[in-house]
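Letters A, B, ... are given to chains in the order of the sequence lines, protein chains preceding strands, and every chain is numbered from 1. Atom set for the values below is all heavy atoms of this structure, side chains included, hydrogens, waters and symmetry mates excluded.
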Amino acid sequence: TRKFSSTDTNKSFLDGLTNARAAEILARDGPNALTPPPTTPEWVKFCRQLFGGFSILLWIGAVLCFLAYSIQVGTEDEPVNDNLYLGVVLAAVVLITGCFSYFQEAKSSRIMDSFKKMVPQQALVIREGEKLQIDAELVVLGDLVEIKGGDRIPADLRVVSSSSCKVDNSSLTGESEPQTRSPQFSHENPLETRNICFFSTNCVEGTARGVVIGTGDRTVMGRIATLASELEVGQTPINIEIEHFIRIITGVAVFLGMSFFVLSLILGYTWLEAVIFLIGIIVANVPEGLLATVTVCLTLTAKRMAKKNCLVKNLEAVETLGSTSTICSDKTGTLTQNRMTVAHMWFDNTIHEADTTEDQSGLGFDKSSPTWAALSRVAGLCNRAVFKVDQDQVPILMRDTAGDASESALLKCIEVCCGSVRDLRDRNPKVSEIPFNSTNKYQLSIHEAEDNPAGHILVMKGAPERILDRCSTIMVNGQEMPLDDMWRDSFQSAYMDLGGLGERVLGFCHLILPSSEFPRGFTFDTDAVNFPTERLCFLGLISMIDPPRAAVNVSQRIQHVIMVTGDHPITAKAIAKGVGIISEGNETVEDIAERLNISLSEVNPRDAKACVVHGSDLKDMSAEYLDDLLRNHTEIVFARTSPQQKLIIVEGFQRQGAIVAVTGDGVNDSPALKKADIGVAMGITGSDVSKQAADMILLDDNFASIVTGVEEGRLIFDNLKKSIAYTLTSNIPEISPFLLFIIASVPLPLGTVTILCIDLGTDMVPAISLAYETAESDIMKRQPRNSKTDKLVNERLISMAYGQIGMIQAMAGFFTYFVILAENGFLPWSLVGIRIMWDDPNVNDLEDTYGQEWTYEQRKIIEFTCHTSFFSSIVIVQWADLIICKTRRNSLFQQGMKNRILIFGLFVETALAAFLSYCPGMDVALRMYPLKFFWWFCALPYSLLIFVYDEVRKYILRRCPGGNLSSAFHQGCGNPGC
Amino acid sequence: MSRTKENDGGWKKFVWNSEKKEFLGRTGSSWLKITTFYIIFYGCLAGIFIGTIQAMLLTLSNYKPTHQDRVAPPGLSHTPRSLKSEISFNVNDEKSYKDYISSIEELLEPYNEDLQTDGQNYEDCGADPQKYRERGELENGQGKRKACRFSRKWLNACSGVGDNTYGFAKGKPCLIVKLNRIINFRPRVPTNNETIPEPITSKVKPYLIPIYCKHKRDEDEGKIGEIKYYGFDGEPAPQYLQPLVAVHFTNLTQGEALRIECKVFGDNIDYSEKDRYQGRFDVKFTISKS
């Protein structure tokens with residue numbers, strides 16, 4: 001400020017900037033707003049959808065198709081258009097799914113944007129001596145700003161004058177306590193000093209004036225936000241899985257392609273033919289429908305999660321939560337209810353437990369004691385908090401209050417236990433009061449007591465030890481007793497107990513002011529204190545805590561939940577115990593030391609599973625020490641952590657190979673949210689910056705919703721595996737006809753069009769329906785997926801899908817193919833080598849086994865009928881495949897057929913196949929021909945075989961998991977999921 | 001760069017991990033087990049497959065395929081085969097029609113009279129078309145059934161007896177035409193004379209399936225010249241020698257592409273839009289002389 005006011009007089013300083021000067025600075029510094037993180041242009045996002053992950057595989061396929069087609073155009077007189085069509089279809093599939101997922105994400109980001117469009121912030125500035133209400137964006141450096149309770153602070157301010165101003169810095173530092181602000185310079189560190197208010201924090205009460213010392217990105221908040229946007233984000237686990245999958249598929253495709261390339265050269269095909277075959281085989285390996293299936297499955301899950309209040313910004317993040325092994329949770333709001341509530345009371349030498357549950361389902365306590373009556377009166381009277389108006393319908397605990405958090409807690413508690421506090425206050429009107437201040441650490445007020453018609457009552461609350469010091473008696477069961485050492489000891493132990501629970505404890509006392517000395521109308525002077533404030537009667541203690549949410553009990557969960565908070569270690573530990581982050585029976589080093597009564601250094605740190613780390617210790621730790629700490633403790637609480645430290649913690653876990661989820665709402669969390677594998681922001685309390693940085697938003701701010709997310713994430717991983725297994729299986733019956741065509745020179749059993757009909761037609765709905773499959777066992781009891789060993793697609797799944805089920809399916813298809821040709825006159829052995837004649841349009845008298853002569857067109861019709869029937873056979877064996885893919889270990893008879901979508905899928909698939917075969921005009925459009933009724937049943941025995949084989953396989957797996965009974969069996973067809 | 005190196009190391013290790021003695025991620029015994037498993041698995045699968053194929057074969061008749069709806073009505077095929085239904089040759093260049101001649105030769109080979117002498121298999125049905133001879137049901141296997149003799153000589157100028165170039169050397173090519181054979185299919189003579197083109201109505205004899213060729217495009221009218229038909233097409237022996245018709249184009253305009261369509265007429269002979277060889281065919285002649 002000196003910079004600006006040096007030439008001005010003090011008077012002109014109080015007038016604020018001139019409008020001209022303000023405009024000048026605004027032009028120089030730009031508006032007072034955080035630069036939004038560089039938003040990716042829409043077309044880049046779109047391209048990312050088009051060329052990311054899976055799409056690449058399809059693009060390569062399409063390019064290869066076009067390449068093969070151009071070779072054919074260049075070398076053949078009448079090229080077959082199949083490759084061209086296939087290329088076009090592949091490209092179309094990528095484009096359509098790309099558009100689909102692009103719009104899907106655009107929809108979520110629109111919901112995100114709706115958060116941002118809040119009422120534009122206003123700020124009260126003083127310019128040219130006048131108070132102006134302007135947009136917060138127009139506030140400039142050097143402006144004089146006035147703030148009051150309820151305002152959001154428009155910029156970083158240095159306070160020049162204040163009156164009982166308190167700010168809530170929780171979004172910046174994580175501290176939930178409101179903090180006093182005054183012109184007093186109290187600390188070197190700008191974050192600690194009293195005289196600076198930070199941009200985007202809230203003023204809770206009081207008023208203050210300050211000079212703007214930083215705007216926009218130059219504010220403390222701005223710097224954190226910038227830190228977040230500069231972080232590199234790693235790949236999502238599902239992306240890694242898909243890449244791994246692509247690698248496997250490509251490996252298989254290239255291997256098959258190359259071996260048949262060599263084989264076809266040996267068989268005497270020309271180079272060009274061999275190249276066309278090579279490309280054909282590689283392309284045939286591309287599962288055309290899988291991209292769409294995966295996208296739809298993820299979208300369905302995202303929708304399901306959105307219904308349960310988890311909004312997912314990025315489709316791929318849907319699964320991430322499921323594979324999360326470590327959750328770094330913020331305390332405030334997520335694990336706790338984010339409102340102070342009375343937890344315990346100590347009176348009559350007993351600790352009474354108040355009901356802290358959200359729905360008041362907990363136990364009450366004995367309210368008949370006269371001590372309680374006195375205590376509750378003091379708590380109600382010596383209390384400045386009031387309910388905001390028009391909330392009669394709202395349950396008491398949910399009502400909004402004006403006032404300090406702990407006073408509000410007391411207000412609600414008394415309102416619940418003893419009826420209307422307002423009536424109480426009306427009956428006992430306040431005559432005088434001394435508000436709380438940090439020097440005397442108490443608050444007192446004097447009321448005209450209703451039970452003392454002529455006199456007054458003095459009520460006081462404050463820091464327990466200070467209150468006790470002022471007391472000479474203690475009320476026990478309504479009787480005043482002298483406060484002797486015994487009572488002092490029991491007070492001490494109660495105070496220690498409650499403090500040890502991480503609760504904020506307040507002491508209460510009162511004094512009946514006799515009417516003789518202080519009659520009604522007596523003027524109480526709070527400055528001169530013309531009334532006694534010593535030798536009072538101690539009533540009891542009330543302790544408050546921000547209680548854990550009811551639904552949060554992480555103890556049964558396998559995930560590693562770590563608490564990272566800005567709160568005090570003791571409070572943090574208490575909450576951690578309350579929600580099960582530190583489970584019962586687990587001790588920290590300190591606990592062990594205390595229990596065994598030995599010094600800290602004597603305790604073997606390996607004995608302690610739990611640990612509480614102070615943020616300032618974290619600063620001095622080496623990376624190795626931190627790694628060691630994270631490895632050896634399962635239950636960790638980080639207290640008093642700064643944004644950078646959160647980042648260090650997240651990175652520490654990621655170094656261990658963990659997949660880390662971070663929850664947070666404050667701006668200070670945003671770097672960690674961004675760095676985490678999945679950042680979870682809070683929808684209600686969360687700041688814009690944190691929502692920007694997060695991948696997922698909990699619309700109800702409830703940690704329990706994360707559990708839903710984890711559950712859905714794990715389920716979708718399982719189900720995606722099933723979908724992929726299902727889709728991949730039909731690849732073998734699709735490729736093998738082409739291979740047989742090359743090797744044995746038989747008429748082509750299955751054409752490109754029919755392959756596409758399977759991949760993009762009949763297989764789609766059933767594959768998607770697997771996303772609706774319910775979990776086989778309690779999904780939450782499982783360990784989180786080990787991202788190194790538990791892959792989406794592994795060799796076993798491929799071996800199962802390709803090597804076993806796929807082969808049976810191929811046999812079914814070939815059987816139908818041979819049946820049709822044989823019934824029409826071409827017996828199987830006469831087909832070998834027939835290809836050249838068969839495909840020659842000039843041969844119009846090709847003899848079959850019976851000596852009948854076929855024209856080219858007649859042969860082609862029978863060939864396409866074979867394609868159709870091969871196709872229908874695949875549909876029929878895919879029935880069985882769908883049913884066996886439903887479960888990974890359980891028998892169908894255990895799991896049942898409850899998935900209605902799946903049954904629907906079976907019908908759709910069959911109806912579609914029948915439609916494609918029988919609809920008039922299909923012979924022209926897709927060259928698919930009507931099948932004779934009996935031909936549909938050729939594949940049925942194989943379908944049955946698949947089902948029986950897999951049931952037996954699963955039975956063996958269940959009976960001897962990993963057993964030695966038939967090791968070869970396990971090697972070959974062990975659970976594809978394990 | 002360092003990343004690719006790492007990957008290389010990973011690959012090498014994957015192919016052969018000397019620490020664990022793993023080849024492609026599996027130990028020797030593991031590979032053995034998995035191979036055993038797959039051998040057994042595929043063995044069983046192959047067995048099941050062959051079993052089902054055998055079962056299917058049992059349902060088939062030895063003489064007649066189960067379904068004939070795709071092969072009938074029969075196609076009309078001609079020899080020599082044309083490449084994209086085009087027959088072009090140079091009268092003075094023997095090589096240009098050598099393939100055509102040899103394919104006709106090959107077709108007519110079995111029709112040599114010395115191959116039809118065996119009385120066990122053949123009987124004389126006369127040179128004129130007659131009624132079908134009933135030779136009993138296919139399925140009752142009482143010895144061999146006899147087939148009618150079909151003499152090559154009946155093809156006159158196209159029999160190759162006098163002119164072993166089948167007219168190609170003179171620019172008057174022969175086409176040997178036959179109705180595709182279908183088991184138990186008996187072409188019926190047209191009952192409706194109106195469908196038969198005028199020029200051949202006079203030639204229609206009982207028990208004869210008439211065939212008629214004409215120019216396809218109107219502008220070619222008059223360039224085709226006389227077409228002679230030898231042999232006969234009708235009342236054939238069902239199995240052994242298909243009756244043939246030789247179409248002799250005796251006066252084709254040379255040096256020009258001429259499209260000719262031949263059609264066979266019968267009650268149960270049909271034509272299809274898509275199948276250009278069903279009951280008809282068309283062929284393009286380009287005869288050059290230089």
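The part of A:Y942 that comes within reach of chain B is its side chain, from C-beta onward, which places non-hydrogen atoms under 4.5 angstrom from that chain. With a 4.5 angstrom heavy-atom cutoff, A:T849 does not touch chain B via any of its atoms. Using a 4.5 Å cut-off between heavy atoms, B:P73 contacts chain A through its backbone alone, with no side-chain atom that close. Contacts of A:Y929 with chain B are made by side-chain atoms alone, with heavy-atom separations under 4.5 Å and no backbone atom involved. In this structure, the portion of A:L945 lying under 4.5 Å from any heavy atom of chain B is its side chain and not its backbone.
No more than 12 heavy-atom neighbours from other residues, nucleotides or ligands sit within 6.0 angstrom of CZ on B:R276. Around atom CD of B:E106, no more than 12 heavy atoms belonging to other residues, nucleotides or ligands sit under 6.0 Å away. Taking a 6.0 Å sphere around OH of A:Y955, one finds it holds 12 or fewer heavy atoms contributed by other residues, nucleotides or ligands. By the 6.0 Å contact criterion, OH on B:Y271 is enclosed, its count of non-hydrogen atoms from other residues, nucleotides or ligands being greater than 12.
At least one donor-acceptor pair under 3.5 Å links the side chain of B:R181 to the backbone N or O of A:G851. Looking at A:Q858, its side chain never comes within 3.5 Å of a backbone N or O of B:P74 through a donor-acceptor pair.
Annotation: maximal heavy-atom pairing with chain B below 4.5 Å, among A:G803, A:P828, A:A812, occurs at A:G803.
Looking only at side-chain heavy atoms (C-beta outward), A:K932 and B:H67 come within less than 4.5 Å of each other.
Evaluated for a side-chain contact (heavy atoms from CB on, under 4.5 Å) with B:S77, the options A:D845, A:L846, A:N842, A:T855 yield exactly one hit, A:D845.
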